[in-house]
Amino acid sequence: MTHPPSPVRVLVCDDHVVVRAGLLALLDSAPGIEVAGEAGTGEEALALAAKLAPDVVLMDLQLGAGIDGVETTRRLTTAPAPHPRVLVLTTYDTDADITRAIEAGATGYLLKAERPEELFAAVHAAAQGRTALSEPVADRVMARLRSPRPTLTDRERDILAQLARGLGNREIARALFISEATVKTHLRRIYGKLGVDTRAGAVAVAKEQRLLR
C-alpha cells in the first residue's frame, strides 16, 4: 500500500499583515501544502525556521526594520543542514534584487502578481530543489546572461573592490588618494554601467559577472 507523499511545509515571511493573511489562506487551500508558521521579520523567520524545520520559506525581500529578505535568505541557506529552501515572493524585479537574492541562495524568485497555481507549483518545485522563476524574472536573467559584460575602467574596478570590502565614500577616497567628489562621480558611472542603483546591487552584479579583482 503506497502512502500519499507528505505535504510541503511552508513558513511565510512577510512584514505586511494583510498580505501574510492572504498568503496563509491561499496556501491552506492548496493540495499538498501545509502552513508551518508565519513571520513578520527576518529575525522571527530565522527563529521559527530553526524551531519548525519547514521545507520551504516563502520570503519577501523588503521586511521593514531589522535584516532584509536577502540577508535572511543568506542565513537560512548557510545554516547547518537540513535547512529549508527559500522561495522569494516579492513585487521587485530589478536586476540587482534578483541577483542579490540568487547570490544569497534562493532556490526561486516569484513575483506577487503570479496566479495562485503558479505559486503552488513553485513551492513544490522549490521543495524538490528545482529552480522556480517568474517569467519576467527568467527573461531578465536570460537577457543578462546574453548581454556582454560591462567594460569598467581600472579606477572603477579599484572603487568596486573597495565597495566590496564595505568601505564608505570617505574611506574609499582616502584609500585611493582621490577626493570624495571623484568617488561619487565614479560610483554614478559604475551604477549606470551595471544597471543598478545601490552599493549592494553593484557588488552583487560585480560578483556575478566576475568584475572584482
Side-chain angles (χ1 to χ4, degrees), residues 2-64 66-142:
T2 56
H3 295 283
S6 300
V8 176
R9 300 178 67 253
V10 179
L11 171 64
V12 175
C13 180
D14 196 297
D15 64 331
H16 290 101
V17 179
V18 173
V19 172
R20 211 162 61 235
L23 283 171
L24 294 175
L26 199 59
L27 292 168
D28 269 333
S29 72
I33 295 176
E34 175 188 307
V35 175
E38 58 177 301
T41 66
E43 288 83 356
E44 197 177 356
L46 292 172
L48 284 174
K51 179 181 173 185
L52 302 172
D55 301 306
V56 175
V57 177
L58 206 53
M59 178 67 64
D60 192 15
L61 285 185
Q62 306 295 330
L63 295 175
I67 59 175
D68 67 2
V70 171
E71 180 57 29
T72 307
T73 297
R74 184 176 290 107
R75 295 189 193 183
L76 284 169
T77 56
T78 55
H83 50 68
R85 307 285 185 180
V86 177
L87 177 59
V88 169
L89 182 65
T90 183
T91 53
Y92 303 93
D93 69 342
T94 66
D95 287 356
D97 283 322
I98 295 165
T99 300
R100 289 178 64 222
I102 293 172
E103 285 267 321
T107 299
Y109 196 109
L110 234 59
L111 301 178
K112 287 182 177 176
E114 287 292 353
R115 299 192 313 276
E117 298 76 28
E118 298 291 338
L119 171 61
F120 303 155
V123 167
H124 284 288
Q128 295 164 21
R130 290 187 285 117
T131 302
L133 300 174
S134 283
E135 196 172 317
V137 173
D139 289 345
R140 292 184 81 105
V141 170
M142 291 307 295

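The residues of the chain are indexed from 1 along the displayed sequence.
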Measuring from atom CZ of Phe120 to atom CD1 of Ile33, what distance do you get when rounded to the nearest 0.5 angstrom?
6.0 Å
Quick one: are Leu76 and Met59 in side-chain contact, heavy atoms under 4.5 Å?
yes
Could you check whether any side-chain N or O of Asp55 sits under 3.5 Å from a backbone N or O of Arg9, counting only pairs where one atom can act as donor and the other as acceptor?
yes
What's the spacing between Leu27 CG and Glu34 CD if we round to 0.5 Å?
11.5 Å
How would you list, by chain and number, every residue that makes a side-chain contact (heavy atoms from CB on, under 4.5 Å) with Ile67, sequence neighbours excluded?
Glu43, Leu46, Glu71, Thr72, Arg75
Non-hydrogen atoms of Ala125 and Ala132 that approach each other most closely
CB-CB, 4.4 Å
Donor-acceptor contacts, no H, no angles, side chain residues 83-90, under 3.5 Å, sequence neighbours left out:
| unit_1 | atom_1 | unit_2 | atom_2 | d |
| --- | --- | --- | --- | --- |
| His83 | NE2 | Thr77 | O | 3.1 |
| Thr90 | OG1 | Tyr92 | N | 3.1 |

Can you measure from CG (Asp60) to CG (Leu23) and round to the nearest 0.5 angstrom?
9.0 Å
Could you give the distance from CG (Asp93) to CD (Glu135), rounded to the nearest 0.5 Å?
12.5 Å
Closest non-hydrogen atom pair, Thr107 against Ala126:
CG2-CA, 3.9 Å
Rounded to the nearest 0.5 Å, how far does OG1 of Thr73 lie from CD of Glu103?
12.5 Å
On a heavy-atom basis, which atom in Leu24 and which in Gly37 lie closest, and how many Å separate them?
CD2-O, 4.4 Å
Between atom CG of Asp68 and atom CG of Asp15, what is the distance when rounded to the nearest 0.5 Å?
11.0 Å
Which atom names give the shortest non-hydrogen contact between Ala45 and Leu11, and what distance separates them?
O-CD2, 3.7 Å
Donor-acceptor pairs are to be reported for all side-chain atoms of residues 110-117 against protein atoms at under 3.5 Å, with residues two or more places apart or in another chain.
| unit_1 | atom_1 | unit_2 | atom_2 | d |
| --- | --- | --- | --- | --- |
| Lys112 | NZ | Asp14 | OD2 | 2.8 |
| Glu114 | OE2 | Ser134 | OG | 2.7 |
| Arg115 | NH2 | Glu118 | OE2 | 3.0 |

